[in-house]
Structure formats: structure tokens, C-alpha cells
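Step one of this worksheet: look at the structure below.
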Amino acid sequence: IAYEEVVRVPLIVKTPRSGRALDGIRTAAPVTLLDLAPTLLALSGLDPPGTFQGRDLTRARIRPNDAIFSFGSYGSTRLEQRIGTQFTVRKGPFRYIQNTVDDSEELYDHAADRLEAQNIVALHPSIRARLRSDLSAHFASAPAGDAESIESTREHAEKLKSLGYL
């Protein structure tokens, strides 16, 4: 689920030393969990792999109008087919959500509606069009990933079943 109450979580990091590397990072501007790994690697003195999509928050210039992209899924193929996935972009005060199961759209203005109670998509067609275009461009350019194929065995299936995944 891709609503503000679910995706907005505080990030609190305490470094073992003075914490000076984190000075000045405190911001109300949204960031993404993709930023976490590059930031933690930088704090450890390591460079993130080039395949990482996130930003090192110790070096990045965080602006309130930066677009933050995310998607919400429901965890199982059956639920995905029935309920769908939500793709979202948060840019400035606006959150645009596209629901895949019925292609419905939602738009919220956080400056006027922090709780996302009023869907204003019909009232702002130009904002809707701009954010929908941003969302489409972002996910079209996202890397597909380098996941290796894993051969499934009866033993794997039994372990997954015992854990409640199958």
C-alpha cells in the first residue's frame, strides 16, 4: 500500500562516534529507503556499488520538491492479481497513485490534506498528467535487476511451506 501513513517512516541513525557525518541531514523532505544502503556504506567509509539507485544522504542535496517513487504490493501473487499494485510518486506537496488492477488514479495535496482523505485527481488534470508522466518515465527506466535463477527443489518448497510462504 502506497499511502503516506504507510510509507512515511522516520529514519534515525546513531553513529558510534561523534555523529558529525550526519550533521545537517535532518530534513522534513521525503527520502526513500533506497537511500539507506548508500548512506550506511558511506558512513562506513565504503563506496556503494554503481548499481545502487539510492543517494548517499551525507552528500546528497535534499530538496523538498525532489520526486520520491515507490510502489505498494500485497505480498502474494493471488492478492496481486485480485487487488493489484499501487505505483506512486510524491513530489512537493502532491502524491499521485496509480492502481494497476483497475487503472484508477488518486491525487492528494499534502499542504491541504495531510491525511490523504480527499482524492482531487479530477480537479487537477495538469498536475495528474505531469505526475503520471514522471511515474511512467521512472519505472520504464528502472533497471530490471540481475537476480540469478535459483533452482527450486522439493527441500526448498518444504522449508518455504513450513514457514508459511506456500
Looking only at heavy atoms, which two atoms of [X] and [Y] are closest? And how far apart?
X	Y	answer
Arg132	Asp103	NH2-OD2, 3.9 Å
Glu105	Val121	O-CG1, 3.7 Å
Pro38	Asp56	CB-N, 3.9 Å

Got a sec, which residues hit side-chain contact (heavy atoms from CB on, under 4.5 Å) with [X], two or more places apart in sequence or on another chain?
X	value
Ala111	Pro93, Asp109
Asp134	Phe69, Lys91, Arg130, Leu131
Ser104	Asn99, Asp102

*asked:* Going by salt bridge (Lys or Arg N to Asp or Glu O under 4.0 Å), name the pairs with one or both residues in residues 28-52, residues two or more places apart or in two chains.
replied: Asp35-Arg55
_Remaining members of hydrophobic cluster (4.5 Å side-chain criterion), Phe52_ = Leu41, Leu46
*Gap between atom OG1 of Thr32 and atom CD1 of Ile68 - 0.5 Å precision*: 6.0 Å
*Inter-residue atom distance Arg59.CZ - Leu57.CG, 0.5 Å rounding*: 11.0 Å
*Take Ile120 and Tyr108, measure what side chain to side chain contact (heavy atoms under 4.5 Å, CB included) needs, and give me the verdict at the end.*
CA-CA 6 Å; Ile120 58 170; Tyr108 301 99; 5.7 Å; no
*Answer yes if Leu34 and Leu135 sit in the same cluster of Ile, Leu, Val, Met, Phe, Trp and Tyr residues linked by side chain heavy atoms under 4.5 Å apart, and no otherwise.*
no
*asked:* Grouping I, L, V, M, F, W and Y whenever their side-chain heavy atoms are under 4.5 Å apart, do Tyr96 and Phe139 come out in a common cluster?
replied: yes
_For Leu40, is there any backbone N or O sitting under 3.5 Å from a side-chain donor or acceptor partner on Ser44?_
yes
*Is Thr88 close to Gln98 at the side-chain level, that is, under 4.5 Å between some pair of heavy atoms?*
no
*Can you run down the side-chain hydrogen bond (donor to acceptor under 3.5 Å, both in side chains) pairs that involve residues 111-121, sequence neighbours left out, and say none if there aren't any?*
Arg95-Glu116, His110-Glu116
*For Leu33, look at atom CG and say whether over 12 heavy atoms of other residues, nucleotides or ligands are found less than 6.0 Å away.*
no
